[in-house]
Undergrad: 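What follows is a structure written as structure tokens; I'll ask about it next.
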Amino acid sequence: MSRCRLAALLLLLSASAAQAGEPPAQWLVTTDLWGNPAYQLLTLPDQQGPLQGRFDGDALQGTREGDALAFVVTGSDGATYRFHGTQAGATLRGTADYPDTNASERRVTHPFSARRLPDRPGGGPRQHDFVPTSYANEFSPHRAPVLTVWPGDSVRTTTLDSGGVDAQGQTRALFGNPQTGPFFVMDAEPGDVLAIHIKRLRLNRDYADSLDSIVGRAQTPALAAKATALDKPVRWTLDRQRGRARPEAATGKLKDFWVPVRPMLGGLAVAPGFGNAPISTGDTGRFGGNMDFNEIREGATVYLPVSQPGALLYLGDAHALQGDGETSQYALETSMDVEFSVDVIKSRAQSAPRVESATQVMVLGQAGSLDDALRAATAGMAQWLEQDYGLSLSETAQVLGSSVSFVVANLAGRSVGVAAKLDKALLRQVERAPGSTPGARP
């Protein structure tokens, strides 16, 4: 078959596919900006000839001739970005012509590459079973996704403990809260919110490790003087059948001390946005992180603002039990079997991590001091009440003043956490704002 006839056939097939309503292909583009990778989504139809699509949310116009592809993107600021590339199967490579970041009248050429994202399988939401083979000690946008999932999908997987030890007692990763992931969530884009539904948390071994410590932030000078002999490891026995735990070698007053377990995830995060370095799995931020908030447990939904295409979800640092603040520096650190599902809330402003349980809505403020964390939690709850209930600031002040509760979520990290909580039963008395998107669902 001649090249002309082949090109004509391809054009005909592409036109037929477009007429049949086939969705355009999605690509994850990596542009090298002077050694700094920027990740953006590209949507293009699989057809020859003129093209229309979107790049990082902006409209594009272009053409495809054989394997050669060219398109121009007009940004929201009116700037133009020109791409020329060659497709080889599920990959694209070429150059991007951008305005100079310091002089818009000049142009700079950057290399780019792209990988085609998979099409969604038919049959509705799916259940994925994922067995980790490696773990992350950073919340990074640069780590390759371990699995691609779609909104509505569920994942069953496992986590290590904070020291990198698995359910069989084997060290599988470096200490420091190693995470499972990241999971690439289709349709999640910067400016969206990822909803993570914690469907199931189960202990998968019979012990946990902790310390007989009291964090420095919780000590007075007098208590610190008496605490010099602390910081010794304490192993806890986990009675999984009865759902309780006790210090393994306890004698004296604690020899009959048992506490009910309440499994939770200390680590849950999405990747930070462009311009941010990968963040240690011991740290926190607007993206989530090592939140160590004991309400992130089975049945809860956690809402995190998305800053990268696909969100890139990480989870780990499971605790069998933790008191408010994680005052012993380590909670009852253990490995865990985890099941979760994801949804994407489009174009949703959110200043801080949100958590929803069956009975409460909660906002987690995280900062370098308790004062700043309290401010962040209060501002985040005010934002939520305005978005979903249309409350004025005066009305919000009245709700908070009469009904909010604050708890110290985390004292053990470089940042501290304070959570603002409201009972959903009270919010049922408040009419929802017209057009509000899912969030609090009392």
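The shown structure was predicted, so the numbers you read here are calculated from the model rather than taken from an experiment. For the single chain, residues carry numbers from 1 onward in sequence order.
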Undergrad: Under the criterion side chain to side chain contact (heavy atoms under 4.5 Å, CB included), I'd like the reasoning laid out for Tyr389 against Val399: C-alpha separation, chi angles, the key distance, then a yes or no.
TA: CA-CA 12 Å; Tyr389 298 95; Val399 170; over 6 Å; no
Undergrad: Considering all heavy atoms of both residues, which atom of Gly53 and which atom of Leu44 are nearest to each other, and what is their separation?
TA: CA-CD2, 4.5 Å
Undergrad: Could you check Ser394 against Gln398 for side-chain hydrogen bond (donor to acceptor under 3.5 Å, both in side chains), going step by step and ending with a plain yes or no?
TA: CA-CA 6 Å; Ser394 173; Gln398 294 170 64; 3.3 Å; yes
Undergrad: Verify the neighbour count for atom OH of Tyr330: are there more than 12 heavy atoms of other residues, nucleotides or ligands below 6.0 Å?
TA: no
Undergrad: Does any part of the side chain of Thr334, heavy atoms only, come nearer than 4.5 Å to the side chain of Trp236, both counted from C-beta?
TA: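 No; the side chains remain at least 4.5 Å from each other.
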Undergrad: Is there side-chain contact between Lys199 and Phe340, with at least one heavy-atom pair below 4.5 Å?
TA: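 In short, these two side chains do not touch, never coming nearer than 4.5 Å.
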Undergrad: So Tyr314 and Glu138, do their side chains get closer than 4.5 Å, heavy atoms only?
TA: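 Of all side-chain heavy-atom pairs linking Tyr314 with Glu138, none is under 4.5 Å.
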Undergrad: So, the side chain of Gln350 versus the backbone of Val193: is there a donor-acceptor pair under 3.5 Å, distance only?
TA: no
Undergrad: Can you tell me how far NE2 of His319 sits from CG of Leu203, rounded to the nearest 0.5 angstrom?
TA: 12.5 Å
Undergrad: Backbone N or O of Pro272 within a donor-acceptor pair of the Gln308 side chain at under 3.5 Å?
TA: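 Yes, because the side chain of Gln308 sits within donor-acceptor range (under 3.5 Å) of the backbone of Pro272.
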Undergrad: For residues 360-376, which side-chain N or O atoms pair as donor and acceptor with protein atoms under 3.5 Å away, sequence neighbours left out?
TA:
residue : atom : partner : partner atom : Å
Gln360  : NE2  : Asp423  : OD1          : 3.1
Gln366  : NE2  : Gly285  : O            : 2.9
Ser369  : OG   : Asp372  : N            : 3.1
Asp372  : OD1  : Arg375  : NH1          : 2.6

Undergrad: Is Arg354 positioned over the aromatic face of Tyr303, cation under 6.0 angstrom from the ring centre and no more than 45 degrees off axis?
TA: no
Undergrad: Less than 4.5 Å apart, side chain to side chain, heavy atoms only: is that true for Phe287 and Ile279?
TA: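 Touching, per the 4.5 Å side-chain cut-off.
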Undergrad: Measure the CG-CZ distance between Asp153 and Arg120 for me, rounded to the nearest 0.5 Å.
TA: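 Between Asp153 CG and Arg120 CZ, I get 5.5 Å after rounding to 0.5 Å.
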Undergrad: Between Glu333 (side chain) and Ala331 (backbone), is there a donor-acceptor pair under 3.5 Å?
TA: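 Here the side-chain-to-backbone pair exists.
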Undergrad: Heavy atoms, side chains only, cut-off 4.5 Å: are Gln322 and Phe293 in contact?
TA: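 They are not in side-chain contact.
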Undergrad: Less than 4.0 angstrom from a charged side-chain N to a carboxylate O is my criterion; do Glu248 and Arg246 meet it?
TA: no
Undergrad: What's the spacing between Leu385 CG and Leu393 CG if we round to 0.5 Å?
TA: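 Between Leu385 CG and Leu393 CG, I get 10.5 Å after rounding to 0.5 Å.
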Undergrad: Examine distances only and state if a side-chain atom of Asp100 and a backbone atom of Val108 form a donor-acceptor pair shorter than 3.5 Å.
TA: no
Undergrad: Would you give me the side-chain donor-acceptor pairs under 3.5 Å for residues 167-177, sequence neighbours excluded?
TA:
residue : atom : partner : partner atom : Å
Arg172  : NH1  : Asp166  : OD2          : 3.4
Asn177  : ND2  : Thr281  : O            : 3.4

Undergrad: Give a yes-or-no answer on whether the side chains of Ser213 and Gln329 include a donor-acceptor pair shorter than 3.5 Å.
TA: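 Note: Ser213 and Gln329 side chains miss the donor-acceptor criterion.
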Undergrad: Between Met186 and Pro118, what is the shortest heavy-atom contact and its length?
TA: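 So the two residues come closest at CE-O, 3.7 Å.
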Undergrad: Any salt bridge between Asp337 and Arg202, counting N to O under 4.0 Å?
TA: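 Looking at Arg202 together with Asp337, the answer is no, because their closest N to O distance does not fall below 4.0 Å.
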Undergrad: In Å and rounded to the nearest 0.5 Å, what is the CG to OG1 distance from Leu194 to Thr301?
TA: 11.0 Å
Undergrad: Do Asp324 side-chain atoms and Ala409 backbone N/O form a donor-acceptor pair below 3.5 Å?
TA: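 Checked: no pair found.
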Undergrad: In terms of heavy-atom contacts, does CD of Glu395 have more than 12 from other residues, nucleotides or ligands at under 6.0 Å?
TA: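 Yes, enclosed.
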Undergrad: Does the pair Leu391 and Glu386 meet the rule for a side chain to side chain contact (heavy atoms under 4.5 Å, CB included), with working shown?
TA: CA-CA 5 Å; Leu391 296 189; Glu386 178 186 9; 5.7 Å; no
Undergrad: Is the number of heavy atoms from other residues, nucleotides or ligands under 6.0 Å of Gln127 CD greater than 12?
TA: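 Buried by this count: over 12 neighbours within 6.0 Å.
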Undergrad: Would you call the rings of Tyr39 and His142 parallel, tilted or perpendicular, where under 30° means parallel and over 60° means perpendicular?
TA: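 Correct class here is tilted.
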Undergrad: Are Leu41 and Leu117 side-chain neighbours, meaning at least one heavy-atom pair lies under 4.5 Å?
TA: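 In short, these two side chains touch, coming nearer than 4.5 Å.
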Undergrad: Considering non-hydrogen atoms only, spot the tightest contact between Tyr135 and Pro132 and give its length.
TA: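 In terms of heavy atoms, the two residues are closest at OH-CB, 3.4 Å.
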Undergrad: Rounded to the nearest 0.5 Å, how far does CG of Leu426 lie from CZ of Arg428?
TA: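 One gets 9.5 Å once the value is rounded to the nearest 0.5 Å.
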Undergrad: Between Gln179 and Gly316, what is the shortest heavy-atom contact and its length?
TA: OE1-N, 3.1 Å
Undergrad: Are the side chain of Arg126 and the backbone N or O of Trp150 linked by a donor-acceptor pair below 3.5 Å?
TA: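 Not a single qualifying donor-acceptor pair exists.
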Undergrad: Walk me through whether Phe83 and Phe112 qualify under ring-ring contact (aromatic ring centres under 6.0 Å, His included).
TA: CA-CA 9 Å; Phe83 290 76; Phe112 83 89; 5.3 Å; yes
Undergrad: Does Lys346 come within less than 4.0 Å of Glu189, counting only side-chain N to carboxylate O?
TA: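 Answer for the salt bridge query: yes.
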Undergrad: Does a side chain donor of either Thr284 or Asn290 reach within less than 3.5 Å of an acceptor in the other side chain?
TA: no
Undergrad: Tell me if the NZ atom of Lys255 is crowded by more than 12 foreign heavy atoms within 6.0 Å.
TA: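 Counting other residues, nucleotides and ligands, NZ of Lys255 stays at 12 neighbours or fewer.
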Undergrad: When you compare the side chain of Arg205 with that of Asp161, does any pair of heavy atoms fall below 4.5 Å?
TA: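 The answer is yes; the side chains approach within 4.5 Å.
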Undergrad: Is it the case that the side chain of Ser140 and the backbone of Pro278 share a donor-acceptor pair, with hydrogens and angles ignored and the cut-off at 3.5 Å?
TA: no
Undergrad: For Thr180 and Thr158, which heavy atoms make the closest approach, and how far apart are they?
TA: OG1-O, 2.8 Å
Undergrad: Give the intermediate values and the outcome of side chain to side chain contact (heavy atoms under 4.5 Å, CB included) for residues Thr359 and Lys424.
TA: CA-CA 5 Å; Thr359 59; Lys424 293 167 74 171; 5.5 Å; no
Undergrad: Carefully, step by step, assess Asp58 and Tyr81 under the rule side chain to side chain contact (heavy atoms under 4.5 Å, CB included).
TA: CA-CA 11 Å; Asp58 294 318; Tyr81 304 82; 5.9 Å; no
Undergrad: Could you go through residues 256-270 and list every donor-acceptor pair under 3.5 Å that involves a side-chain atom there, pairing it with any protein atom two or more places apart or in another chain?
TA:
none

Undergrad: Just wondering, do Ser335 and Val165 contact through their side chains at under 4.5 Å, heavy atoms?
TA: no
Undergrad: For the CD1 atom of Ile196 and the CG atom of Leu315, what is their distance to the nearest 0.5 Å?
TA: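 It is 9.0 Å, given to the nearest 0.5 Å.
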Undergrad: What heavy-atom pair brings Gly35 and Pro37 nearest, and what distance separates the two atoms?
TA: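 In terms of heavy atoms, the two residues are closest at O-CD, 3.5 Å.
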